[in-house]
Amino acid sequence: MINWGKISKVKYQQWRDPEISVVTFRGIGRDGLRHEDEDQCGDSEVFTTGVQTRVPTERITEPGALYNPTTTETFTVEDAVEAIGFGNFQWKLSILTGLFWMADAMEMMILSILAPQLHCEWRLPSWKVAMLTAVVFIGMMFSSTLWGNVSDKYGRKVGLTVSVVWVLYYGFLSSFAPGYGWVLVLRGLVGFGIGGAPQSVTLYSEFLPVKSRATCIMLVEIFWALGAVFEVLLAIWIMPTWGWRWLLGVSTAPLVLFVILGFWLPESARFDVLSGNRENAMKTLRRIAADNEKTMPLGKLTANQQEERGRIRDLLTPHYRRTTLLLWFIWFSNAFSYYGLVLLTTELFQAGDVCGVISQGAKTEPKCDLECKYLTLEDYKDLLWTTLAEFPGLFVALFVIDRIGRKKSMAACFLMFSVCLLPLYACIGRVALTVFIFIARAFITGGFQVSYVYTPEVYPTSTRALGIGTCSGMARVGALLTPFVAQVLLKRSVYLTLSVYCICCLLATGASMLLPIETTGLGLQESCQITAGQEMKTTGQTSNISEDSPTHTSY
């Protein structure tokens with residue numbers, strides 16, 4: 001049956017012939033909002049004879065089927081996604097895409113565990129230890145835009161599946177690396193594959209209705225937190241007995257599950273429509289409707305084909321230039337601060353407190369560069385506690401993201417991260433150190449996830465994957481630089497290290513507020529057509545957009 005609560009509006013119109021009445025199903029129109037005067041977004045009409053009567057839903061169509069009367073009326077993918085709503089299909093998709101996020105988090109968490117282990121086992125100087133982390137981010141930096149381009153040109157499923165298989169293959173091979181050089185090469189290749197992880201958000205977001213999008217994307221990020229926690233627990237269990245090679249091998253388990261279950265993964269209906277494959281899009285939409293036990297909108301699916309997709313220059317047009325540049329810096333700051341804090345956590349815990357790092361830095365003997373400490377059980381426990389900060393960070397962001405908006409949520413998280421770093425300038429003890437790192441990590445985690453919600457909302461389908469890919473690439477630049485601050489500069493000056501992170505996040509706070517558009521309550525754009533100088537009304541608020549700001553138009 002049609003879920004009348006999910007249909008934006010049902011109105012009855014008496015036509016010229018008094019014996020004819022029409023039932024109009026109003027879909028989601030321009031900007032993902034409901035407009036009384038917007039007919040091009042696709043009303044579907046059912047003609048009946050006699051007096052105005054609500055058409056019995058069970059007579060219209062079975063769940064998942066398409067009622068296609070002889071009519072010129074149309075509906076868009078956006079209309080279909082809104083009518084079908086959130087259900088069993090999205091739950092399954094959440095788990096499948098979440099597995100890649102879980103694997104991504106585990107591969108990232110390995111860096112803070114593998115670095116001190118190889119530092120001691122192979123007697124590596126500090127710059128080589130930093131390179132173990134940096135090489136992963138170099139691979140991600142070079143590949144993120146590539147995976148985005150592949151996903152925009154050949155499909156979200158293609159880009160995501162290939163990147164998963166890539167990470168699985170080289171992640172498992174890296175557990176057999178015979179020496180430092182091989183570790184660098186193989187971990188760099190792992191990083192190259194991980195650059196495709198953000199495309200899971202691209203695919204996932206394109207199947208979500210407006211009201212559920214922020215909540216669902218935030219909740220699927222729980223898999224990232226689970227992966228980080230799971231990696232620490234694996235390290236506590238595996239490292240003392242079997243060593244780091246087993247840890248690298250076992251950490252690929254979520255990717256194995258993804259490959260096994262990946263046959264179920266559909267292609268994005270939005271991508272199929274944009275690439276001119278309307279039949280596949282309809283099959284996907286019918287499948288989702290059947291899974292969710294909902295009905296499709298009435299009429300015909302519009303096919304707005306766009307041949308030119310995945311072009312970087314489209315991100316830097318006058319309408320998108322300001323948004324793109326600000327987002328690049330925001331993503332850079334997010335990764336720079338997040339991974340910097342992860343690495344700082346290990347360094348500070350090994351020193352015991354902030355003063356311990358200062359005193360170590362005061363030493364001038366050449367042998368200091370080769371001094372090392374293996375991670376102890378106490379270190380792993382403290383690392384686990386700070387990793388658990390991922391969960392409150394996600395829930396805090398989830399609470400505020402639809403209440404104060406995406407922009408203010410990101411700005412607040414950056415600001416609070418800087419505030420939580422201020423106590424570290426003092427010689428606080430281990431307990432206080434753990435508490436403040438916990439809070440700081442919660443906020444930077446929340447800010448990172450809000451950016452994952454905002455970015456796919458601000459770009460159209462033709463460049464959405466590339467937009468996320470380039471932003472992710474800039475994030476990896478930040479992650480590439482951060483080991484040389486958190487692991488190398490820290491040995492010279494704790495205060496300078498903390499100041500770098502504080503200033504970066506304060507600048508990111510301003511950048512978040514300068515973003516030209518608030519996307520809360522807006523539908524996803526389908527094409528690159530821009531309407532400038534409009535006043536856009538979102539749910540519960542009004543956002544005034546300047547002439548050089550992009551506005552959202554669904555087709």
Review point. Checking ring pair (Phe, Tyr, Trp, His ring centres under 6.0 Å) for the pair Y339/F137: CA distance, chi angles, key distance, verdict?
Key: CA-CA 10 Å; Y339 293 115; F137 295 118; 4.8 Å; yes

Exercise for review: Could you check W91 against F86 for ring pair (Phe, Tyr, Trp, His ring centres under 6.0 Å), going step by step and ending with a plain yes or no?
Suggested key: CA-CA 8 Å; W91 281 116; F86 187 92; 5.3 Å; yes

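- Checked by atom type and distance alone, the side chain of Q199 pairs as donor or acceptor with a backbone atom of A465 at under 3.5 Å.
- Formation of a donor-acceptor pair under 3.5 Å by the S200 side chain with backbone atoms of A197 is found in this model.
- A donor-acceptor pair under 3.5 Å is absent between the side-chain atoms of S472 and the main chain of I468, judged by distance alone.
- Side chains of V210 and R213 form a contact here, defined as non-hydrogen atoms less than 4.5 Å apart.
- The six-membered or imidazole ring of F142 lies away from that of F192, with a centre-to-centre distance of 6.0 Å or more.
- Judged purely by atom type and a 3.5 angstrom limit, R322 uses its side chain to pair as donor or acceptor with the backbone of L514.
- Classification of K408 and E518 as a salt-bridged pair fails, no side-chain N sitting under 4.0 Å from a carboxylate O.
- A donor-acceptor distance shorter than 3.5 angstrom exists from the side chain of S205 to the backbone of T202, with no hydrogens or angles considered.
- Ring pair W331/Y452: centre-to-centre distance below 6.0 Å.
- Considering CG of N334 and CE of M410, their distance stands at 8.5 Å, rounded to 0.5 Å.
- Although no hydrogens or angles enter the test, the distance criterion places a donor-acceptor pair under 3.5 Å between the side chain of S163 and the main chain of L160.
- Taking the six-membered ring where the residue is Trp, Y425 and Y495 present parallel rings, their angle staying beneath 30° rather than reaching 60°.
- Within the 4.5 Å cutoff, the side chain of E231 has no heavy atoms near those of the M108 side chain.
- When ring centroids are compared, F417 and Y338 stay outside the 6.0 Å threshold.
- Cation-pi contact between R403 and F399: present, with separation from the ring centre below 6.0 Å and deviation from the ring axis of at most 45°.
- Side chains of V136 and V190 form no contact here, defined as non-hydrogen atoms less than 4.5 Å apart.
- Taking the six-membered ring for Trp and the full ring otherwise, W182 and W122 have centroids separated by 6.0 Å or more.
- In this structure a side-chain-to-backbone donor-acceptor pair under 3.5 Å is present from T509 to C505.
- Residues F223 and F100 have side chains not in contact (no heavy-atom distance under 4.5 Å, counting atoms from C-beta outward).
- Geometrically, K407 does not engage Y454 in a cation-pi contact, judged by NZ or CZ lying under 6.0 Å from the ring centre and within 45° of the ring axis.
- In this structure, W246 and W242 have tilted ring planes: the angle between them lies in the 30° to 60° band.
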